[in-house]
Amino acid sequence: MPEQYSCAMLLAGFAREFETIRTATNPAFERAAFMERTRATAARFFEGREATVAPILDEMDAMLAAGDERFPETIAEKLGRVFEEIYRDPETAEKFHGHMRAVEREERDRIVAAAEGMSLSPQGMLYGKPDQDSDTFRLHVALAKTLEPTEMLRDFQAGMKELARRLASDPQFSRVQEIVGTSWIVGEKSKLAKLMGFHVADEPLSPEEARHFGGETRRVQKAWLTRDEVIAKYGETKSP
């Protein structure tokens, strides 16, 4: 079974969501938005298994509404058992995983569309959006839990090559001078980010930046590259 569906990984994710909702300015609104997203995603991921997952979703909603601190552990354990049962049979696991990959790809497309961003990589994992009032291009990584590490690396590199191509030749990118990514991924994988050519900021995020990561328990850091650095590292090399 993929590690991301283990109880430990689910617990970490639900703990972050619980903290985000608990500390929100309007917890009821944040809870409703979270449950709407979760129910929609579950309907796509667990198609044909709605009867198994529906009671867990109802319990999630009730525990969040009550502010029950047992929420992360309780829901992670119950949902983890669902995944364990699915992955117990190799044939069932293979079909389910294939379905999850297809649905997750659709989910990435939705994320990019909702952000009004530009998809850069073949799998749709890497995307971005230029700031309207600056020369900065904001780089993001979309949901990619079903991709293997080697697949993610290839997709990221392909996305950076596409970004370099656009920086070099697309008039839409003529204003862009800096490419910035701010995420827990940078915080947890700062060495990898540096190997990929990024500069990683040591200083903490500004209050304005930090407010976008409310409830995030992982370290969030900012990484950046200049326009020329992206083109030099990821652009096409031409023979003399």
Side-chain angles (χ1 to χ4, degrees), residues 2-4 37 41 44-45 97-201 205 209 212-213 216 218-240:
E3 183 183 2
Q4 58 265 32
R37 294 193 306 270
T41 300
R44 292 189 289 269
F45 281 174
H97 197 67
H99 170 71
M100 289 283 280
R101 284 175 67 94
V103 171
E104 191 180 81
R105 176 56 200 266
E106 294 173 359
E107 198 76 8
R108 288 195 290 272
D109 291 341
R110 289 189 186 90
I111 289 170
V112 176
E116 298 181 342
M118 303 175 181
S119 183
L120 297 169
S121 61
Q123 293 286 347
M125 185 186 78
L126 195 67
Y127 72 101
K129 184 178 181 181
D131 278 353
Q132 292 184 344
D133 302 319
S134 75
D135 59 4
T136 299
F137 185 85
R138 300 286 175 181
L139 202 62
H140 300 281
V141 177
L143 184 72
K145 290 183 177 181
T146 61
L147 296 181
E148 299 296 330
T150 53
E151 289 181 295
M152 287 190 283
L153 181 59
R154 285 197 301 268
D155 202 57
F156 183 87
Q157 291 174 327
M160 291 301 294
K161 289 178 181 178
E162 173 62 12
L163 177 59
R165 185 191 69 78
R166 294 197 185 196
L167 287 169
S169 61
D170 190 335
Q172 282 187 285
F173 286 72
S174 60
R175 185 181 175 184
V176 175
Q177 295 299 322
E178 185 179 52
I179 292 79
V180 175
T182 305
S183 170
W184 65 266
I185 299 174
V186 178
E188 292 203 341
K189 306 289 185 182
S190 59
K191 289 184 179 179
L192 179 58
K194 291 175 181 177
L195 285 174
M196 302 297 281
F198 285 82
H199 309 283
V200 177
L205 302 182
E209 292 170 324
H212 295 292
F213 299 92
E216 180 57 76
R218 295 165 292 190
R219 185 181 184 187
V220 177
Q221 285 181 273
K222 180 166 64 178
W224 75 94
L225 280 167
T226 67
R227 173 193 188 91
D228 291 342
E229 286 172 333
V230 173
I231 294 174
K233 185 172 181 62
Y234 293 99
E236 292 184 2
T237 56
K238 296 182 180 180
S239 303

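Below, each value reflects all heavy atoms present in this structure, side chains not excepted, and no hydrogens, waters or symmetry copies.
Looking at Asp131, its side chain never comes within 3.5 Å of a backbone N or O of Asp133 through a donor-acceptor pair. In this structure, the side chain of Arg44 does not engage the main chain of Glu107 through any donor-acceptor pair within 3.5 Å. In this structure, Arg108 contributes its side chain and Ala142 its backbone to no donor-acceptor pair below 3.5 Å. Between the Ser121 side chain and the Leu126 main chain, a donor and an acceptor come within less than 3.5 Å of each other.
Here the straight-line distance linking atom NZ of Lys189 with atom CG of Leu195 works out to 12.0 Å at 0.5 Å rounding. In this structure, Leu143 CG and Asp109 CG are separated by 11.5 Å, a value rounded to the nearest 0.5 Å. The structure places CZ of Arg101 at 6.5 Å from CD of Gln123, a figure rounded to the nearest 0.5 Å. Going from atom CG of Leu153 over to atom CG of Leu192 covers 7.0 Å, rounded to the nearest 0.5 Å. For the atom pair CZ (Arg110) and OG1 (Thr41), the distance works out to 8.0 Å, reported to the nearest 0.5 Å. Atoms OG and CD1, from Ser169 and Ile231 in turn, are 9.0 Å apart once rounded to the nearest 0.5 Å.
Across every non-hydrogen atom of Met118 and Pro130, the tightest pair is CE-CD, 4.1 Å. Minimum heavy-atom separation, Tyr234 to Gln157: CD2-O, 4.3 Å. Between Gly181 and Val186 the shortest heavy-atom distance is O-CG2, 4.0 Å. Considering every non-hydrogen atom in both Ser119 and Tyr127, the closest pair reads CA-CB, 4.0 Å. Considering every non-hydrogen atom in both Gln132 and Arg175, the closest pair reads O-NH1, 3.2 Å. Ala201 and Gln221 get closest at one heavy-atom pair: O-NE2, 3.0 Å.
Under the 4.0 Å criterion applied to side-chain N and carboxylate O atoms, Lys129 and Glu116 are assigned as salt-bridge partners. Between Glu162 and Arg166 there is a salt bridge, since a side-chain N of the basic residue sits under 4.0 Å from a carboxylate O of the acidic one.
Across Leu167, Val176, Leu139, a single residue satisfies side-chain contact (heavy atoms from CB on, under 4.5 Å) together with Val230, and that is Leu167.
Residues Phe45 and Met100 meet the side-chain proximity criterion, which asks for heavy atoms closer than 4.5 Å. In this structure the side chain of Met152 never reaches within 4.5 angstrom of the side chain of Arg154, judged on heavy atoms. Phe198 has its side chain within reach of Met160: a pair of non-hydrogen atoms, C-beta onward, lies under 4.5 Å apart. Between His199 and Lys194, every side-chain heavy-atom pair lies at or beyond the 4.5 Å cut-off. Taking the side chain as every heavy atom from C-beta outward, Gln177 and Thr136 never approach each other to under 4.5 Å. Side-chain contact between Pro122 and Asp155 is present, with at least one heavy-atom pair separated by less than 4.5 Å. By the 4.5 Å heavy-atom criterion applied to side chains, Met196 and Phe156 are counted as neighbours.
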CA sep, side-chain torsions, deciding dist, call: Leu163, Phe137, side-chain contact (heavy atoms from CB on, under 4.5 Å): CA-CA 10 Å; Leu163 177 59; Phe137 185 85; 4.1 Å; yes
Going through the distances and angles, do Glu104 and Thr146 end up as a side chain to side chain donor-acceptor pair (under 3.5 Å)? CA-CA 7 Å; Glu104 191 180 81; Thr146 61; 2.7 Å; yes
